[in-house]
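Remarks on the structure that follows.
Proteins come first, then strands; the chains are lettered A, B, ... in the order of their sequence lines, and each starts at number 1.
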Protein chains: 2
Amino acid sequence: MSVTISRREIILQEAAHLFREKSYPGANLRELARRAGIQGGSIYHHFASKQEILFQLMDNTMSDMIERLTERLSDADSPLEKLRRTVFFHIEYHVTGPDQTYITDEELRNLETENYLMVVAKRDRYQKIIENILSEGQVEQGWQLDEPKLYSRALIKMCAGVSTWFKPQGDLTIAQIAEAYTKLFCNGLLPR
Amino acid sequence: MSVTISRREIILQEAAHLFREKSYPGANLRELARRAGIQGGSIYHHFASKQEILFQLMDNTMSDMIERLTERLSDADSPLEKLRRTVFFHIEYHVTGPDQTYITDEELRNLETENYLMVVAKRDRYQKIIENILSEGQVEQGWQLDEPKLYSRALIKMCAGVSTWFKPQGDLTIAQIAEAYTKLFCNGLLPR
DNA sequence: AAGCAAACCTAACGTTTGTTAGGTAGCATA
DNA sequence: TATGCTACCTAACAAACGTTAGGTTTGCTT
């Protein structure tokens with residue numbers, strides 16, 4: 001039943017946590033190594049540089065997000081159902097792996113050019129999926145949106161923001177928040 | 001017509017820009033001094049420490065935001081009008097001073113305890129203003145929201161996010177974006 | 001038993017960092 | 001003209017940093 005987890009994986013997990021706590025430049029490798037249970041220099045057995053750790057972290061996260069979202073949407077028929085699942089997924093993913101998503105959302109500026117371009121490309125692919133759902137709804141269901149891109153951005157920021165205040169032991173579940181946000185996004189707050 | 005701007009003010013402005021570019025721990029004081037037109041050590045004539053620069057930056061920004069938003073709301077009569085102005089203000093402020101607001105939104109973790117508590121207190125005061133508008137609308141206008149706090153957070157994140165992609169020379173004005181977001185927040189995207 | 005590679009340790013390197021001490025230039029006041 | 005204050009410069013400090021070189025342990029393979 002126990003899952004074997006490589007040291008490399010441990011380092012990546014601890015790095016996500018540490019980078020979120022102190023930001024990438026503020027985190028140091030000796031501290032990271034300590035948390036991963038090894039000595040400072042040993043990090044370089046698993047990664048070529050501090051930068052590579054950041055890149056792997058962000059690139060893995062983006063790939064995973066695209067893959068999982070795509071899978072969740074695969075058997076959704078209507079645009080509304082797709083939107084529901086996207087809101088739920090985006091919130092859930094950000095709340096479940098808050099360290100990884102936070103880093104991926106906020107540390108783009110600390111990526112070197114080549115790495116930056118790769119991660120941004122994947123981020124754009126992810127955003128495009130959501131934008132397409134809104135465009136679909138606009139055409140097929142007459143959703144009221146002038147600029148799909150504008151609204152997809154609003155949706156993404158809105159949902160991602162949940163992880164900054166969400167507490168698992170709080171009185172709201174992820175499902176409740178996702179439902180409320182879906183309702184808000186679809187109906188607005190004025191009475192119908 | 002020209003405005004006198006103190007060196008202290010210049011340092012704060014350049015610090016906002018530099019911190020946003022490299023994050024607080026990633027920015028160094030020699031570079032900041034260079035941009036402000038003085039030598040590294042001279043910073044300490046104006047500030048006691050690097051930390052104090054960050055704190056002044058964030059504290060000033062929060063105070064300014066509270067003051068300005070309060071003023072804008074002072075002669076708004078209905079909750080809907082207050083909401084409209086809030087959305088517009090929040091977007092406008094984030095887009096106009098993107099460095100300051102970005103720092104204030106993202107660098108809380110790098111504040112020492114005492115400074116952290118002061119800035120968070122002001123941030124909460126600001127959020128409370130918005131939360132109260134939603135509560136008002138709920139009571140007086142029957143706005144559909146179960147948890148005002150949940151929706152105020154969504155609104156804040158949504159609007160603040162604009163500054164991450166907004167380009168002044170782009171084809172959308174702040175007013176257009178603000179209008180679209182107000183409409184989205186009030187009506188949702190389903191046709192009425 | 002020998003060989004080998006992966007995983008890790010230790011100690012040091014050169015650089016960069018925030019910060020400080022002590023000095024100088026310019027200007028206003030007396 | 002002397003005094004003193006503000007705004008700055010220069011040079012150095014100790015600490016922390018990413019990174020590297022070289023050595024040791026461990027466990028598998030032949």
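Taking atom CZ on Phe47(A) and atom C1' on dG18(D), their separation rounds to 16 Å, with Å as the unit. Atom CD1 in Ile11(A) sits roughly 14 Å away from atom P in dG18(D) (whole-Å rounding). The CZ-P distance, from Arg30(A) to dT20(D), rounds to 13 Å in whole Å. One interatomic measurement links the two molecules: CD1 of Ile53(B) to C1' of dG18(C), which rounds to 11 Å at whole-angstrom precision. In this structure, the CG atom of Leu32(A) is 14 Å from the C1' atom of dC17(D), given to the nearest Å. Look at NZ on Lys50(B): it is 15 Å from P on dA16(D), rounded to the nearest Å. Between Ile43(A) atom CD1 and dC17(D) atom C1' there is a gap of 13 Å when expressed in whole angstrom units. Rounded to whole Å, atom C1' of dG18(D) lies 15 Å from atom CG of Asn110(A).
In this structure, of dC17(D), dC8(D), dT20(C), it is dC17(D) that holds the atom nearest to the side chain of Asn28(A). The side chain of Gln39(B) sits closest to dC9(D) out of dC9(D), dT19(D), dC8(C). Closest to the His46(A) side chain, of the nucleotides dT19(D), dC8(C), dT6(D), is dC8(C). If you check dG18(D), dC8(D), dG18(C) against the side chain of Leu29(A), the one that comes closest is dG18(D). Each of dA12(D), dT6(D), dT20(D) was ranked by its minimum atom distance to the side chain of Tyr44(A); first place goes to dT20(D).
Counting non-hydrogen atoms under 4.0 angstrom, Ala27(B) reaches the backbone sugars and phosphates but no base. Counting non-hydrogen atoms under 4.0 angstrom, Arg7(B) reaches the backbone sugars and phosphates but no base. Contact annotation for Ala33(A): no contact, since no heavy-atom pair falls under 4.0 Å across all strands.
At dC9(C), one or more side-chain N or O atoms of Ser42(A) fall inside 4.0 Å of OP1 or OP2 (strictly under the cut-off). Residue His45(A) places none of its side-chain N or O atoms closer than 4.0 Å to OP1 or OP2 of dC8(C).
Salt-bridge check for Asp105(A) with Lys157(A): failed, with every basic side-chain N at 4.0 Å or more from each acidic carboxylate O.
Side-chain N/O atoms of Asp64(A) and Tyr93(A) include a donor and acceptor closer than 3.5 Å. Donor-acceptor pairing under 3.5 Å is recorded for the side chains of Tyr126(B) and His90(B). Side-chain contact, Gln51(B) with Asn115(B): a donor N or O sits under 3.5 Å from an acceptor N or O. Side chains of Glu31(A) and Asn28(A): no donor on one and acceptor on the other come within 3.5 Å.
For Ala48(B) and Ile38(A), each mapped to the nucleotide of DNA chain C holding its nearest heavy atom, the one lying further toward the 5' end belongs to Ile38(A).
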